[in-house]
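Remarks on the structure that follows.
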Protein chains: 2
Amino acid sequence: MNSNSTDYVLADQVGFLLRRAHQRASLIFKNTFEDTSLTPQQFAVLAKLHEVNNVTQNKLGRLVDMDPATLQGVIQRLMQRGFVLRNQDPQHKRRLIISLTETGCEMLKNCFELGRQVSSETLQTLDKTDKSELLRLLRLISE
Amino acid sequence: MNSNSTDYVLADQVGFLLRRAHQRASLIFKNTFEDTSLTPQQFAVLAKLHEVNNVTQNKLGRLVDMDPATLQGVIQRLMQRGFVLRNQDPQHKRRLIISLTETGCEMLKNCFELGRQVSSETLQTLDKTDKSELLRLLRLISE
DNA sequence: ATAGTATTGTTTGTACACATACATTGAATG
DNA sequence: CATTCAATGTATGTGTACAAACAATACTAT
């Protein structure tokens, strides 16, 4: 028995469900972070810089899973708002070292609680077991 | 004991993991659908039209979970390639009825198998139970 | 050392995603 | 009937996401 087109239900495909889930999570983030005007990606960069400050732009990109081209734009917007600095590595002229400014660090402190709210609201329909199950499975399919 | 910034690990947040997973799924889609030059969203529209042809653009948007503004662009690109038609509803001058063309239908037939491959490869690290678990959980957090 | 290669970052172009503002039409209410 | 309101689609602007082409610097092997 061969598979045919009737087997294919869009709403049952992971990719489709991932897009939907991601869009909903982004919406919750947007509403929760409204006052800060930070995007999820901008916050991800700041939060990662708080974990490991003074990183190469390239390495930072790998840590937050963003393209060099994409990260470049994100960094620029964060620089314009004074949250981040970009300095040349004295040892390697080609490298740029990204670091949090005082302003960025201050802003960030008020954001961690918001970040927790976003995660909590995104997962609110799941019980405790399902919450950690979902995280585990997402990690598994992201390599 | 109050929570502080050290509690917040970016890599443990759903939103971050959802973005990563979605990006990986998109990459797999891109590679698999290389020859067709269809994007995930364009294929989603075609696949949905195969399920329910002759829909209002607005309703189609709700079915594939896209903004009116976003869908408008997707539809335009599908029209340019002759996969889709957009006709005015005679009863409601304001509405546009979207339908698959012969060309679109033909193209689509060869795509279902590719779509299955994408889903399969995206989930390849999971066992059977985990696969359906993930789908269930994603549905739960997408309302 | 020199040549070739890998690393790192920018630029440009296409495609979502969505907010906001706008235009038009159909329906509902007084 | 007229005014208001909801539904539907368009236009524009900002922000990802990524490919491809480019540029410049470090590294490696001969």
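Because the structure is a prediction, the values reported are computed rather than measured. Just so it is clear: chains get the letters A, B, ... in the order the sequence lines come, proteins before strands, and each one is counted from 1.
With a 4.5 Å cut-off on side-chain heavy atoms, A/Arg95 and A/Gln57 do not count as touching. Contact of the B/Ile97 side chain with the B/Gln88 side chain is not registered, since no non-hydrogen atoms from C-beta on lie closer than 4.5 Å.
Computed from coordinates, the A/Gln88 CD to D/dA23 P distance equals 19 Å when rounded to whole Å. Rounded to an integer number of Å, the gap from B/Leu71 CG to D/dA11 C1' is 15 Å. Rounded to whole Å, atom P of D/dA23 lies 22 Å from atom CZ of A/Arg95. Counting to the nearest Å, the P atom of C/dT10 and the CD1 atom of A/Ile75 are 9 Å from each other. In this structure, CG of B/Leu60 is placed 18 Å from P of D/dA7, rounded to the nearest angstrom. Rounded to an integer number of Å, the gap from CG of B/Leu38 to P of C/dT14 is 18 Å. Protein atom CG of A/Asn31 is 12 Å distant from nucleotide atom P of C/dC18, rounded to whole Å.
Neither OP1 nor OP2 of D/dA7 sits under 4.0 Å from any side-chain N or O of B/Asn58. Side-chain nitrogen and oxygen atoms of B/Thr39 include at least one within less than 4.0 Å of the OP1 or OP2 phosphate oxygen of C/dC16. Between B/Arg24 and D/dC18 there is no side-chain polar atom (N or O) within less than 4.0 angstrom of OP1 or OP2. Checking the phosphate oxygens (OP1, OP2) of D/dG9, no side-chain nitrogen or oxygen of B/Gln57 falls inside 4.0 Å. An OP1 or OP2 oxygen of C/dA17 is reached within less than 4.0 angstrom by a side-chain nitrogen or oxygen of B/Gln41.
Nearest nucleotide to the side chain of B/Arg19, out of C/dA17, C/dG9, D/dA17: D/dA17. The nucleotide whose nearest atom lies closest to any side-chain atom of A/Gln23 is, among D/dT25, D/dC18, C/dC18, C/dC18. When each of D/dT12, D/dT8, D/dA19 is scored by its nearest atom to the side-chain atoms of B/Leu27, the top-ranked nucleotide is D/dA19. Nearest nucleotide to the B/His92 side chain, out of C/dT11, C/dT10, C/dA27: C/dA27. Among the nucleotides D/dT8, C/dT12, C/dA15, the one closest to any side-chain atom of B/Thr56 is D/dT8. Candidate nucleotides C/dA17, C/dT10, D/dA19 were compared by shortest atom distance to the side chain of A/Pro68, and C/dT10 ranks first.
With salt bridges taken as basic N to acidic carboxylate O contacts below 4.0 Å, one links A/Asp12 and B/Arg139. Ion pair A/Asp130/B/Arg136 flagged as a salt bridge, since at least one NZ, NE, NH1 or NH2 atom sits closer than 4.0 Å to an Asp/Glu carboxylate oxygen.
Side chain A/Arg94 to base D/dT25: no donor-acceptor pair is found below 3.5 Å.
Ring to ring, B/Phe43 and A/Tyr8 are close: their centroids are under 6.0 angstrom apart.
For the pair B/Lys30 and B/Arg86, both in contact range of DNA chain D, the more 5′-proximal nearest nucleotide belongs to B/Arg86. Toward the 5′ end of DNA chain C lies the nearest nucleotide of A/Gln76, the other residue of the pair A/Gln76 and B/Gln42 mapping further downstream. The nearest heavy atom of DNA chain C to A/Ser26 and to A/Gln72 marks one nucleotide each, and the one closer to the 5' end goes with A/Gln72.
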